Novice: 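Here it is, the structure, as structure tokens.
All of these numbers come straight from a predicted model, not from anything done at the bench.
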Amino acid sequence: MNSNAINKKGGISVETAHIFPVIKKWLYSEKDIFLREIVSNACDAVTKLKRLASLGQYDEGDESYRVEVLLDKDAKTLTVSDNGIGMTMDELDRYICQIALSGALEFVEKYEGDNKNNGIIGHFGLGFYSAFMVSDSVELITRSYTGTPAIRWVCDTEGQYEVSDGEREEHGTTVIMHVSDEEISYLEESKIREILDKYCAFMPVEIYFKNEDAEPEGTNDGAETELKPVNDTVPLWLKNPSDCTAEEYKEFYRKVFHDYREPLFWIHVNADYPLNFRGILYFPKLTNEYESIEGQVKLYYNQVFVADNIKEVIPEYLLMLKGVLDCPELPLNVSRSYLQNNTYVSKVSAHIVKKVADKLNSLCNVSREEYEQVWNDIRTFVEYACMRDRKFYDRVKDSMLLELTDGTFLTLPDYLAAAKDSHENTVYYASDKAAQAQYISMFEGENVQVALFEKPLDTQFLSTLEMYSPDTKYLRIDADIANALKSSDVSIANDALADLFKKASGNESLKVEFAVLKSEDIPVLLTISEESRRMEEMMRMYSMSGMNVGASFPMEATLTVNTASPLIARLEEMPEETKERAVSYLYQLSLLSQRKLNAEELQKFLSDGYAILSLLS
């Protein structure tokens with residue numbers, strides 16, 4: 001055995017002169033957070049005292065609790081004062097003179113036990129030191145509710161402090177931040193109001209802000225106007241949904257998000273054990289389908305603002321929503337800006353997704369008229385959510401609406417049920433109501449309902465639907481000649497005429513079919529297979545993203561010649577040159593129903609048209 005073996009134990013020591021520069025620059029991701037931390041500490045101090053009163057350990061009488069934020073630009077100070085629990089000399093030494101020792105945690109352990117929903121915010125014992133992020137020095141005057149003498153503590157940015165007798169009549173704590181020259185923006189009233197509005201708007205204790213340098217606001221009789229709290233201590237999300245009116249929900253939305261447009265509808269989340277979180281989610285009215293990126297879900301922790309749109313709590317496809325979530329059991333890190341992944345977070349996220357799906361199903365089944373009115377505003381969101389999350393699709397699939405070309409709406413099950421006799425398990429749709437008007441008219445003439453899928457996202461969405469439910473097919477109305485449009489009469493092929501159409505198209509591989517259509521008014525129809533067209537659209541999308549797919553992508557086209565059309569019958573009677581021009585003109589007309597003509601095609605179309613018209617003279 002080695003007699004010189006080392007065995008030593010001890011604790012890590014930190015030099016305050018070294019740690020304070022780190023605190024000043026890196027403690028929080030945003031410097032504005034310092035005021036949130038100091039004000040939330042003040043709220044905690046009040047919450048603790050109120051808790052002691054409820055336990056019979058303090059007689060509060062008719063005491064009115066408050067937090068005051070005072071700005072004095074001339075003195076270059078920002079002060080936060082409360083009439084909460086205060087501190088004794090021993091507590092000051094323990095919680096202020098030692099970094100990262102949380103008085104909140106010790107209070108909870110002593111008085112709350114396993115009660116996590118206690119309203120106390122602080123956990124890490126670091127929030128107070130955020131004051132040094134903007135200050136040359138910080139002064140603290142405190143007096144305990146126990147009646148011990150007041151104490152004054154002053155500390156500079158080197159961590160050197162001095163403790164002396166303080167002057168304070170009532171219990172509570174005052175934090176005076178002597179703002180440094182580099183941070184003078186925090187001596188502007190507008191800046192302080194902005195921070196209070198963002199981070200402290202719903203804290204549980206009334207907060208009053210006063211600018212000592214501003215002229216007092218008065219009434220007509222010269223009396224000074226009484227200050228009003230800058231926060232709402234009982235936000236709408238803490239109330240029972242049954243106690244909230246529609247106007248209250250709308251007013252809350254306008255107040256929080258400054259959006260002049262009314263929300264489409266909202267979801268009041270009130271989850272109890274084991275999740276314990278509350279909130280209100282709004283579906284905003286979108287002016288276009290790409291506005292979803294403007295959504296904003298504000299995350300709160302015991303009524304203290306934490307961050308916007310934290311992806312661990314709100315799935316990415318729900319970020320178009322606006323709303324607030326208050327999760328008092330979130331596992332936060334020191335800055336309260338990032339979440340630590342755990343089971344609670346994933347369960348909260350799953351619960352939110354379920355509540356959104358339940359709301360859509362409820363609207364569809366109970367408030368169908370209202371649901372149809374908002375469907376086009378939320379449709380892109382629902383489609384995108386279904387594409388991103390199969391479970392979400394499974395929950396809402398029977399509540400997804402198909403808008404028809406006649407302006408009515410059907411769910412997919414209702415559409416398929418109505419189509420059972422004519423086109424079972426096939427949904428016919430149009431992507432451009434104006435350009436495909438001829439096809440729509442043909443389908444509607446045969447009582448075949450046509451759905452509208454006109455948005456850029458729809459092509460990808462349809463592929464997703466077919467992947468989820470492979471028994472149901474989606475065909476654009478110009479993709480094939482539906483059986484419902486064909487007569488049972490037998491058509492006779494005409495090889496010579498087929499060759500003329502191939503010649504007119506410039507494509508010898510063009511597929512030409514002959515059929516008897518129920519409508520005699522349509523001589524020819526050009527269709528492009530659904531698979532080929534979708535592939536071209538996808539390749540075009542990749543081309544826009546920088547991928548070179550060539551000048552064009554070959555599509556499988558079929559020209560159907562309607563032998564029931566009198567015009568087709570008359571072709572056989574025409575002289576060969578006239579027939580050739582007529583065939584060319586008919587082909588160009590069929591092409592127009594699919595896309596715009598290029599310059600060469602348009603020139604040929606006009607030339608053929610003028611030549612045919614000249615025969616009428």
Novice: With the threshold set at 4.0 Å, does a side-chain nitrogen-carboxylate oxygen contact exist between D458 and R476?
Specialist: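 So D458 does not pair with R476 through a salt bridge.
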Novice: Using side-chain heavy atoms (C-beta onward) and a distance below 4.5 Å, is V230 in contact with I207?
Specialist: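 The answer is yes; the side chains approach within 4.5 Å.
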Novice: For Y282 and F257, take the angle between the two ring planes, folded into 0 to 90°, and tell me which bin it lands in: parallel under 30, tilted 30 to 60, perpendicular over 60.
Specialist: perpendicular
Novice: Considering non-hydrogen atoms only, spot the tightest contact between I612 and A582 and give its length.
Specialist: CD1-CA, 3.8 Å
Novice: Among residues two or more places apart or on two chains, list those pairs meeting side-chain hydrogen bond (donor to acceptor under 3.5 Å, both in side chains) that have a residue in residues 193-204.
Specialist: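 Sorted result for residues 193-204: E30-Y199, E189-R193.
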Novice: Only counting residues at least two apart or in another chain, list the ones meeting ring-ring contact (aromatic ring centres under 6.0 Å, His included) with F514.
Specialist: none
Novice: May I ask you to test the L281-K359 pair for a side-chain heavy-atom distance under 4.5 Å?
Specialist: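 With C-beta onward as the side chain, the pair stays apart.
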Novice: Is there a side-chain hydrogen bond (donor to acceptor under 3.5 Å, both in side chains) between Q436 and Y429? Walk through the geometry before answering.
Specialist: CA-CA 10 Å; Q436 295 155 8; Y429 71 94; over 6 Å; no
Novice: Counting N and O atoms only, with roles assigned by atom type, does the side chain of D32 sit under 3.5 Å from a partner on the main chain of I195, one being a donor and the other an acceptor?
Specialist: no
Novice: Can you name the closest pair of heavy atoms from L497 and I568 and give their distance?
Specialist: CD2-CG2, 4.2 Å
Novice: Apply side chain to side chain contact (heavy atoms under 4.5 Å, CB included) to F265 and S367, showing your working.
Specialist: CA-CA 12 Å; F265 54 90; S367 306; over 6 Å; no
Novice: Mind telling me whether Y317 and F392 have parallel, tilted or perpendicular rings, with 30° and 60° as the class edges?
Specialist: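 F392 and Y317: tilted rings.
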Novice: So does K255 pair up with E248, basic N to acidic O under 4.0 Å?
Specialist: no
Novice: Do I267 and V356 come close enough that some side-chain heavy atom pair is under 4.5 Å?
Specialist: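 SC-SC contact between I267 and V356 confirmed.
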Novice: To the nearest 0.5 Å, how far apart are CD in E601 and NZ in K604?
Specialist: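 So the CD of E601 and the NZ of K604 are separated by 11.0 Å.
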Novice: Just do the side chain to side chain contact (heavy atoms under 4.5 Å, CB included) check on L299 and C327 with the steps written out, would you?
Specialist: CA-CA 8 Å; L299 186 65; C327 305; 4.0 Å; yes
Novice: Is there a donor-acceptor contact under 3.5 Å linking the side chains of N361 and S399?
Specialist: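 Judged by distance alone, the side chains do pair up.
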Novice: Would S509 and N507 satisfy side-chain hydrogen bond (donor to acceptor under 3.5 Å, both in side chains), going step by step from the backbone distance to the final call?
Specialist: CA-CA 5 Å; S509 62; N507 179 12; 2.6 Å; yes
Novice: Flag the pair L412 / K397 as yes when at least one side-chain heavy-atom distance between them is below 4.5 Å, and no otherwise.
Specialist: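 L412 does not reach K397 side chain to side chain.
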Novice: Does R278 reach the main-chain N or O of L238 with its side chain, forming a donor-acceptor pair under 3.5 Å?
Specialist: yes
Novice: Give a yes or no on whether a salt bridge exists between R395 and D358, defined as a side-chain N under 4.0 angstrom from a carboxylate O.
Specialist: no
Novice: Between D326 and Q303 (side chain of the first, backbone of the second, donor and acceptor by atom type, cut-off under 3.5 Å), is there such a pair?
Specialist: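 Yes, the answer is positive, given that a donor and an acceptor are paired below the 3.5 Å cut-off.
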Novice: Is there a side-chain contact between D478 and I528, using heavy atoms and a 4.5 Å cut-off?
Specialist: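 In short, these two side chains do not touch, never coming nearer than 4.5 Å.
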Novice: Please assess K285 against E262 for the test side chain to side chain contact (heavy atoms under 4.5 Å, CB included), listing each intermediate value before the final yes or no.
Specialist: CA-CA 7 Å; K285 185 173 180 60; E262 288 192 354; over 6 Å; no
Novice: Report yes or no: does S40 contribute a side-chain atom to a donor-acceptor pair with the main-chain N or O of E37 at less than 3.5 Å?
Specialist: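 Checking the backbone N and O of E37 against the side chain of S40, a donor-acceptor pair under 3.5 Å is found.
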Novice: With distance as the sole test, does N231 use its side chain to make a donor-acceptor pair with the main-chain N or O of T233 at under 3.5 Å?
Specialist: no
Novice: Can you label the angle between the F283 ring and the F381 ring as parallel, tilted or perpendicular, going by 30° and 60°?
Specialist: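 Rings of F283 and F381: perpendicular, as their planes differ by over 60°.
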Novice: Looking at L452 and K433, what are the two nearest heavy atoms and their distance?
Specialist: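 Scanning both residues, the minimum pair turns out to be CD2-CB, 4.2 Å.
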Novice: Find the distance between NZ (K322) and CD1 (I280) and round it off to the nearest 0.5 Å.
Specialist: 15.0 Å
Novice: Students often mix this up, so state it plainly: with edges at 30° and 60°, are the rings of F443 and Y428 parallel, tilted or perpendicular?
Specialist: tilted
Novice: Are I352 and V269 side-chain neighbours, meaning at least one heavy-atom pair lies under 4.5 Å?
Specialist: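 Of all side-chain heavy-atom pairs linking V269 with I352, none is under 4.5 Å.
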Novice: If you compare all heavy atoms of Q460 against all heavy atoms of M387, which two are closest, and at what distance to 0.1 Å?
Specialist: CB-CE, 3.6 Å
Novice: Please round to the nearest 0.5 Å and tell me the distance separating atom CD of Q588 and atom OG of S505.
Specialist: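 OG of S505 is found 9.5 Å from CD of Q588.
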Novice: Side-chain contact test, heavy atoms from C-beta onward, threshold under 4.5 Å: evaluate it for S590 versus L559 and give yes or no.
Specialist: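 Heavy-atom side-chain distance check passes, below 4.5 Å.
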Novice: Are the side chain of S441 and the backbone of Q438 linked by a donor-acceptor contact shorter than 3.5 Å?
Specialist: no
Novice: Kindly write out the residues that satisfy side chain to side chain contact (heavy atoms under 4.5 Å, CB included) with S607, not counting sequence neighbours, or none if the list is empty.
Specialist: R581
Novice: Taking all non-hydrogen atoms of both residues, which atom of A564 and which atom of E520 are closest, and how far apart?
Specialist: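 The answer is O-CG, 3.6 Å.
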Novice: For atom CD of Q603, decide whether the heavy atoms of other residues, nucleotides or ligands shown that lie under 6.0 angstrom number more than 12.
Specialist: no
Novice: Would you confirm whether N240, through its side chain, and S242, through its main-chain N or O, come within 3.5 Å as a donor-acceptor pair?
Specialist: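 Not a single qualifying donor-acceptor pair exists.
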Novice: Measure the acute angle between the ring planes of F461 and F453, then classify it against the limits of 30° and 60° as parallel, tilted or perpendicular.
Specialist: tilted
Novice: Taking the side chain from Q449 and the backbone from Y415, do they hold a donor-acceptor pair closer than 3.5 Å?
Specialist: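 Checking the backbone N and O of Y415 against the side chain of Q449, no donor-acceptor pair under 3.5 Å is found.
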Novice: Compare all side-chain heavy atoms of L318 with those of V297 and state whether any distance is below 4.5 angstrom.
Specialist: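 The answer is no; the side chains never approach within 4.5 Å.
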Novice: So which heavy atom on P241 is nearest to which on H268, and how close?
Specialist: CG-CG, 3.6 Å
Novice: From L457 CG over to E383 CD, what is the distance, rounded to the nearest 0.5 angstrom?
Specialist: 5.5 Å
Novice: May I ask you to say whether K250 pairs ionically with E247, meaning some side-chain N is under 4.0 Å from a carboxylate O?
Specialist: no
Novice: Please determine which of V396, T464, L465 meets the side-chain contact (heavy atoms from CB on, under 4.5 Å) test together with C386.
Specialist: V396
Novice: Does any N or O in the side chain of T527 come within less than 3.5 Å of the main-chain N or O of T558, such that one atom is a donor and the other an acceptor?
Specialist: yes
Novice: Keeping the roles fixed (side chain from N276, backbone from P328), state whether a donor-acceptor pair exists under 3.5 Å.
Specialist: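 A pair under 3.5 Å: no.
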Novice: If I take atom NZ from residue K298 and atom CG from residue L325, how far apart are they, to the nearest 0.5 angstrom?
Specialist: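 Those atoms lie 12.0 Å apart.
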Novice: Using the six-membered ring wherever Trp is involved, compare the ring planes of Y300 and F305 and label them parallel, tilted or perpendicular (cut-offs 30° and 60°).
Specialist: perpendicular
Novice: Under the side chain to side chain contact (heavy atoms under 4.5 Å, CB included) rule, what do I522 and Y439 come out as? Steps first, then yes or no, please.
Specialist: CA-CA 10 Å; I522 308 297; Y439 295 89; over 6 Å; no
